[in-house]
Amino acid sequence: MGERWTLLIVRELLLGASSFSDIRRGLPRIPRATLAARLRALRAIGVIDDGYRLTQIGAALAPVVRELARWAVATDSAALTADDLDTSALTWDIQRRIDTSALPERSVVLALEFSDRTAPNRNFWLHLSRTNINLCRQDTGTPVDIWLTAPTEAVTRWWLGHMSWAQLLQDHEVQVHGDRSLQCQMHRWFQRYLFTPGNLGTAGSQPTDVP
């Protein structure tokens, strides 16, 4: 369990990853061969089954992962570095932490542009509805309702709970435009990273309900 990447793989499974590809989307920098080796090791010790589901033993690691995250936040051991600024991992986590109950009745398309990145890590599209969430790396041609343009670090700091939505919008490099009514409510759509200080203190947000 102490090998590099292992607990991060467990974290991804706790957050709902259900395939090899899902895990790689959450951990885009892990080599495929390393991921395959770590998964074999986790199966060998009974943490996951023959698919990608945590066993009862694996699910019991949830409080361990949570407390490690709490420790990192409390000691500032999770300070951001350039290596943490990955738009693929960030947008993947955003799409799985959408509060569908807060979305409007109609479908919404949110275009994200990371102003300090180049293709293919610059533009992403979130297709949001109460029944389905899709993250796209290519423009499907569906009309966009809201555009958010911002540096990667600013969005990452907001997602991790280092700043509020209002503080994010105060950044002169951050621009939001599009449907005004949606702009006013969009901050409620995002539950942010599961292990933000606020979420760590919220009983209902802890990754304990693992099948």
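Between the OG1 atom in Thr149 and the CZ atom in Arg122 there is a gap of 8.0 Å [rounded to 0.5 Å]. For the atom pair CD (Glu12) and CH2 (Trp5), the distance works out to 10.0 Å, reported to the nearest 0.5 Å.
Counting only N and O atoms by type, the side chains of Thr55 and Asp49 include no donor and acceptor under 3.5 Å apart. Ser88 and Arg137 share a donor-acceptor pair across their side chains, judged by distance under 3.5 Å alone. At a cut-off of 3.5 Å, with distance as the only test, a side-chain donor of Thr140 or Thr142 sits close to an acceptor on the other residue.
When all heavy atoms are compared, the tightest approach of His127 to Cys136 is CD2-SG, 3.7 Å. For the pair Thr87 and Arg117, the tightest heavy-atom approach, listed with the atom from each and the gap, is CG2-CG, 3.9 Å. Contact record, Pro151 with Ser115: N-OG, 3.4 Å, taken as the closest heavy-atom pair. Among all heavy-atom pairs drawn from Pro63 and Ala59, the shortest one is CD-O, 4.4 Å. Here the shortest heavy-atom pairing between Arg11 and Gly26 reads NH2-O, 4.1 Å.
Using a 30° and 60° split on the angle between ring planes, Trp158 and Phe190 fall in the perpendicular class, above 60°.
Cluster membership check: Ile57 does not share its hydrophobic cluster with Val10, using side-chain heavy-atom separations under 4.5 Å among Ile, Leu, Val, Met, Phe, Trp and Tyr. Leu182 and Trp125 are not part of a single hydrophobic cluster, where members link through side-chain heavy atoms under 4.5 Å apart. Hydrophobic clustering (ILVMFWY, side-chain heavy atoms < 4.5 Å, transitive): Leu126 and Val108 are in one cluster. Hydrophobic clustering places Ile94 together with Trp165 (ILVMFWY residues linked when any side-chain heavy atoms are closer than 4.5 Å, directly or through intermediates). Phe124 and Val144 are not part of a single hydrophobic cluster, where members link through side-chain heavy atoms under 4.5 Å apart.
Taking 4.0 Å as the cut-off between side-chain N and carboxylate O, Asp86 and Arg29 count as a salt-bridged pair. Look at Asp145 and Arg180 and you find no salt bridge, because none of the NZ, NE, NH1 or NH2 atoms lies under 4.0 Å from a carboxylate O.
Counting non-hydrogen atoms of other residues, nucleotides and ligands closer than 6.0 Å to CD of Gln167 gives a total above 12. Counting heavy-atom neighbours within 6.0 Å of Arg4 CZ, excluding the residue itself, gives a total of 12 or less.
Contact of the Val109 side chain with the Leu128 side chain is not registered, since no non-hydrogen atoms from C-beta on lie closer than 4.5 Å. A 4.5 Å side-chain heavy-atom check between Ile133 and Leu103 finds at least one atom pair inside the cut-off. The side-chain heavy atoms of Gln95 and Asn134, taken from C-beta on, include no pair separated by under 4.5 Å.
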